[in-house]
Amino acid sequence: MFEMLPDNSVRMKGMEPALNPFSPGSGVKPPALVGRQTEIDAFDLLVARAKANAAGDRGILLTGLRGVGKTVLLNEFSEMARRNGWLVVQFEAQPGDGGPEAVRKKLARELQLGARRLRQTPAWSHLRSQGLGSISNISVSLGMQGLTADLKFDAGRADSRNLEIDLEEMVEDVSASMRKARAGFALVIDEMQDLESDLLGALLTVQHAAGQRGWPFYIIGGGLPSLPGRLSESRSYAERLFHYRMVGKLSPEAAAEALTVPIGRLGALLEGEALTTVLEAAGGYAYFLQAYGRTLWETASDKVITVGDARLAVELGTADLDHGFFVARWQRATPAERNYLRAMSQDGEGPSATADLSGRLGKDHSSLTSQRARLIEKGIIFAPEHGYVQFTVPGMGAFIHRQKD
Ligand SMILES: Nc1ncnc2c1ncn2[C@@H]1O[C@H](COP(=O)(O)OP(=O)(O)OP(=O)(O)O)[C@@H](O)[C@H]1O
Ligand SMILES: [Mg+2]
């Protein structure tokens, strides 16, 4: 790590691995959160309007491919809302058979925990007379125990055992109390495209009622680009309930800051050409920037990071992505599903028309529907529109071309 010089002074050789600011990972807070000021301002406005008891606002839905930074933004929104005394209930939907039950329990649990967190806030006394009782009651229909007796609260509603009615009553009660405290109630749902139909439909109905009656209740969701379509299938008015925001590539300026700010903070410097080399490889994708940032720090031999370091970092970073980010998805696919993915990769990053895929694979359309459905459930592809499929991960097409088996 250190090199002794002839005059007995030491020079740092290589960068301290323990200080590496980059750590790519799902929902991991980046060392510099860049390029999302528009979204943060939009949420800030929602919080400010709830404080002013303004009514009729819409929820926010963030859609985008894997690794663009949706979860990080949802976490940021949750933090902002909590700082302002909101009741924040955050959970992630899950696909598959075990999903619905687990998610309902998670919702109940997070409702209870979220409410308990408000004990030191102005909303608490209001919630005790209206809201906590309903949270306790709905917990039971969602498959959990009600709130325990260590909390004193008035009996609530939301005990009909009809999900839609109970959700609406609970949200109405909680919203009334949050309004008195000049705060709001947010349901933050990640991977929302995987939410089971019944719960999804019920939640949309409640969001609709909330908008009409001026309750400060907002669904803040994140999911794949197929999410808006899924919502419209569930309720025809769904598109009017939300502000949709497509989370995509970062602008070149923001992408540069994602690297230079954390590096600069630690007293190192990224040379111009080194920066361009990494930016080109990352293509503006948040996850890739973090991945290449990490290898950049590992390969740098001095505080001034050179283009030579950057070239090596791109090589190592691409290998890391191939062995982690991409291969994790590739290995989840069966051999037949991999053939399907290979056929898709002929369109590069896509989208691919399902009719073309049948042609390429020499199979009729209907025999491919179950493969397509399983790949969607596994989160590897999604349907951007009817008759089309696309990879959920940027760069997957190129990765598949690099694979031998
Ligand atoms: N605005 C940003 N600036 C810099 N880095 C970011 C930004 N947003 C996210 N990242 C980084 O990108 C990576 C992916 O972020 P995140 O998990 O939020 O993506 P995602 O869209 O939720 O992906 P997935 O669809 O797989 O859940 C993380 O390592 C995170 O630190
Ligand atoms: Mg995510």
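In each ligand, atom 1 is the first atom listed, and ligand 1 is the first ligand listed.
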Can you label the angle between the Phe77 ring and the Phe43 ring as parallel, tilted or perpendicular, going by 30° and 60°?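 Rings of Phe77 and Phe43: parallel, as their planes differ by under 30°.
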Is it the side chain, the backbone, both or neither of Ala32 that has a heavy atom closer than 4.0 Å to ligand 1?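 The part of Ala32 near ligand 1 is the backbone, not the side chain.
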Which ligand 1 atoms, with their elements, are less than 4.0 angstrom from a heavy-atom of [X]?
| X | value |
| --- | --- |
| Glu191 | 27 (O) |
| Arg36 | 1 (N) |
| Thr71 | 18 (O), 20 (P), 22 (O), 27 (O) |
| Pro24 | 29 (O) |

Under 2.8 Å from the Mg ion (ligand 2), protein N/O/S atom count? 1
Step by step, work out the salt bridge (charged side-chain N to carboxylate O under 4.0 Å, His left out) result for Asp150 and Arg116. CA-CA 11 Å; Asp150 69 312; Arg116 280 174 185 275; 3.3 Å; yes
Gln145 and Ser139: side-chain donor and acceptor closer than 3.5 Å? no
Indicate whether the side chain of Asp347 and that of Gln390 have a donor and an acceptor atom separated by less than 3.5 Å.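 No donor-acceptor contact under 3.5 Å links the two side chains.
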Tell me which protein heavy atom sits closest to [atom], plus the residue, atom name and distance to 0.1 Å.
| atom | value |
| --- | --- |
| atom 11 (C) of ligand 1 | Gln290 CG, 3.6 Å |
| atom 23 (O) of ligand 1 | Gly67 N, 2.8 Å |
| atom 8 (N) of ligand 1 | Gly69 CA, 3.5 Å |
| atom 10 (N) of ligand 1 | Ala286 CB, 3.5 Å |
| atom 1 (N) of ligand 1 | Val34 O, 2.9 Å |
| atom 20 (P) of ligand 1 | Lys70 N, 3.4 Å |
| atom 28 (C) of ligand 1 | Gly25 O, 3.1 Å |
| atom 18 (O) of ligand 1 | Val72 N, 2.8 Å |

Below 3.5 angstrom, do we get any N/O pair linking [X] and ligand 1?
| X | result |
| --- | --- |
| Val68 | yes |
| Arg66 | yes |
| Val28 | yes |

Hits for side-chain contact (heavy atoms from CB on, under 4.5 Å) against Lys249, two or more places apart or cross-chain, chain-then-number order -> Tyr285
With sequence neighbours excluded, tell me which residues meet side-chain contact (heavy atoms from CB on, under 4.5 Å) with Leu321. Tyr287, Phe288, Ala291, Tyr292, Phe325, Phe326
Less than 4.0 angstrom from a charged side-chain N to a carboxylate O is my criterion; do Glu191 and Arg66 meet it?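 The answer is yes: the pair qualifies as a salt bridge.
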What I want to find out is whether Glu315 reaches Arg311 closely enough, with some N-O distance under 4.0 Å, to be called a salt bridge.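 Looking at Glu315 and Arg311, the cut-off is not met.
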Both conditions, 6.0 Å and 45 degrees, for the charged tip of Arg338 above the ring of Trp330: are they met here?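 Pair Arg338/Trp330 counts as cation-pi.
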If we check side chain to side chain contact (heavy atoms under 4.5 Å, CB included) with Val174, which of these qualifies: Ile138, Val89, Ile135?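 Single side chain to side chain contact (heavy atoms under 4.5 Å, CB included) partner of Val174 among Ile138, Val89, Ile135: Ile135.
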Which heavy atom of Val34 sits nearest to which heavy atom of Ala254, and what is that distance?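 Distance-wise, the nearest heavy atoms are CG2-O, 3.3 Å.
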Less than 6.0 angstrom separating the ring centers of Tyr218 and Trp86, yes or no? yes
What pairs meet the side chain to side chain donor-acceptor pair (under 3.5 Å) rule with one or both residues in residues 29-50, with sequence neighbours excluded? Gln37-Asp41, Arg49-Asp57
Less than 4.5 Å apart, any side-chain heavy atom of Ile400 and any of Phe391? yes
Should Gly27 be listed as contacting ligand 1, given a heavy-atom distance under 4.0 Å as the test? yes
